[in-house]
Protein chains: 2
Amino acid sequence: MISKQEERLEKILSILKLSNPATVNKLAQLIEVSHMTIRRDIEILEREKKVEVFHGGIMLPDSQRRENWKEYTLADATSIMCEEKKRIGLKAALMLKNNDSLILDTGSTTEYISQSLNPEYSLSIVCFTLNTLIHVSKLKKSKIIFPGGYFHRNTLMFESEEGISILKKNRAAIAFVSASGISLSLGVTCSNSYERETKKTIMGSSMKKVLVADSSKFDIVHSTYFAELQDFDTVITDEGIPDKYRTFCNNNNIELLTV
Amino acid sequence: MISKQEERLEKILSILKLSNPATVNKLAQLIEVSHMTIRRDIEILEREKKVEVFHGGIMLPDSQRRENWKEYTLADATSIMCEEKKRIGLKAALMLKNNDSLILDTGSTTEYISQSLNPEYSLSIVCFTLNTLIHVSKLKKSKIIFPGGYFHRNTLMFESEEGISILKKNRAAIAFVSASGISLSLGVTCSNSYERETKKTIMGSSMKKVLVADSSKFDIVHSTYFAELQDFDTVITDEGIPDKYRTFCNNNNIELLTV
DNA sequence: CCTAAAATGTTATTTTTTTAACATTATTTT
DNA sequence: AAAATAATGTTAAAAAAATAACATTTTAGG
């Protein structure tokens, strides 16, 4: 059971998030209670350090107010293999030429690709995660296709049956596919089962299939299998991969690019 | 040569950076001039949009603190009817209670709704524009459904056949619908034909249909017709609407909320 | 259903801020 | 240096907000 007062306190905070600071009278009008009620509510919020009060109004303290850009990105400068991922992303982006069509998979490496795309090109881009969308949406000359669906907060990915059928309708010259595990014997894997269908679909919709993964993913197996290594035409990774993968790529006609 | 006034303006800004907001009297004391001098300085800073003034003090505007999220937003503090839209958005958000399901249409007004949603609530949110997605994706307790498709840069909207069928599968308690024109004789209209199908669908998928539009949209007609005014249960707008719409809402049992 | 307590609203008073008009002090121009 | 102008200060009145005291409504418990 949530009291009316608690409800008001929430409302006050959400109003403040939108327009900070706010006057007592404005709050009273919006919430449709008397200014005294607001004042008494504010007293509580002030004691809890949720707001700061001054003559003329109240506001959120600095700590509550910061916009958090990090919320929709996986590519964190402090994350592991960050420099390698950046280089891989750039190498991938440089494979493209004007008027190319591409599909971007999930993950932080593909986010670096999306950051490195040439804004002067007219690309046709299919992606389905928020972190890549943020970047590609700024490419004014490119066409964006985003098969939507249900949001998965851990990967920032959207996925649905209908999204899959949009993917099936849109072919691309290149698909950049990520993986969280790569093994010669157990194939290419990812962590979330909901990714499987999407990954298989984009591999079926694209001419050239490029695996982008830093060397920490090699000799690792995760739960969800979605492809064999030889299903890819190209692998972009960093110098740190075991030699057997170099040999394997050579023998299987897979282009191996290390950056 | 730097004038005394310019020096004070700098001082005011640097004081604000340290403690935001500040009262006029505090500034006057610190800078050791009369409160009138500070007031006149503030007038200049306000015209230059360097500070925001309110009864009781001044503060740095949000724009000075917020990161570069402007690229994927339609809600611009300098846009027309901005204050009205904010109030409308807030009023709309306050209609919701915990565990509600809602659909957010395109536009800047709905963006203000998305900004005002209570992060403590577990909502089920359907939206299809990037500007609203940016905000709702931060609501950790809410479920997000984003029917994707082809990106329309002018409205930041995604739209496709498959998106429509996701919309049809997802019902909501409330749909917040925007419009660019509202007329008694010619109905409710929007500017882009690709919006029509989506708007009609969300109106068909929701129990309560709420039209959100500031008063500048009334007595205006745009190219694409998608509903009659009486198709809505509630209209949220500002005080500036013509009286005939008040009468019409009264006679047709439409709840009219002016903020 | 009634009563006591709590919550909210109303009103008048006090305090603070804002505004405006004019006085004073600085600065520039001639 | 005097006059003109601009900048700043002073003061009083107006407006807005805060406070306090009390009235009313709502809620919880018996």
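Small disclaimer: the values here were computed from a predicted structure and weren't measured. Per chain, numbering begins at 1; letters A, B, ... match sequence-line order.
A donor and an acceptor atom, one from each side chain of A/E111 and A/N131, are located under 3.5 Å apart. Counting only N and O atoms by type, the side chains of B/S178 and B/K199 include a donor and acceptor under 3.5 Å apart. There is no side-chain donor-acceptor pair under 3.5 Å between B/E84 and B/S215. With no hydrogens or angles considered, no side-chain donor-acceptor pair links B/N99 and B/S122 at under 3.5 Å. Side-chain N/O atoms of A/E195 and A/T224 include no donor and acceptor closer than 3.5 Å. Side-chain contact of B/T37 with B/S34: a donor-acceptor pair under 3.5 Å is present, judged by distance alone.
Applying the salt bridge (Lys or Arg N to Asp or Glu O under 4.0 Å) test to every pair with at least one member in residues 28-43 of chain A, sequence neighbours left out, gives these pairs: A/R8-A/D41, A/E32-B/K91. Applying the ring pair (Phe, Tyr, Trp, His ring centres under 6.0 Å) test to every pair with at least one member in residues 175-200 of chain B, sequence neighbours left out, gives these pairs: B/H152-B/Y194.
Side-chain atoms of B/F158 and B/T129, non-hydrogen and from C-beta on, never get closer than 4.5 Å to each other.
Taking a 4.0 Å limit (strictly below) on heavy-atom distances, residues 40-48 of chain B does not reach DNA chain C anywhere.
Contacts of B/T37 with the nucleic acid, taken as non-hydrogen atoms under 4.0 Å apart, involve only primed sugar atoms and P, OP1 or OP2.
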Task: Per-nucleotide protein contact string for nucleotides 14-20 of chain D, where B marks a base within reach and S marks sugar-phosphate only (heavy atoms under 4.0 Å, - for neither) - done: --SSBBB

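No cation-pi contact links B/K200 to B/F226, judged by a cut-off of 6.0 Å to the six-membered ring centre and 45° from its axis.
In this structure, the CG atom of B/L27 is 14 Å from the P atom of D/dG9, given to the nearest Å. Rounded to an integer number of Å, the gap from CD1 of A/I38 to C1' of C/dT8 is 11 Å. Between B/I12 atom CD1 and D/dT8 atom P the separation is 11 Å, expressed in whole Å. Rounding to whole angstrom units, CD of residue A/Q5 and P of C/dG9 are separated by 12 Å. Summarising the geometry, the separation between CD on A/E7 and C1' on C/dT8 is reported as 15 Å, rounded to the nearest angstrom.
With sequence neighbours left out, the side chain to side chain contact (heavy atoms under 4.5 Å, CB included) criterion links B/S180 to B/C190, B/S191, B/H222.
Between the two ends of the helix from C/dC1-D/dG30 to C/dT30-D/dA1, each summarised by a five-pair axis, the helix axis turns through 30° (rounded to 10 degrees).
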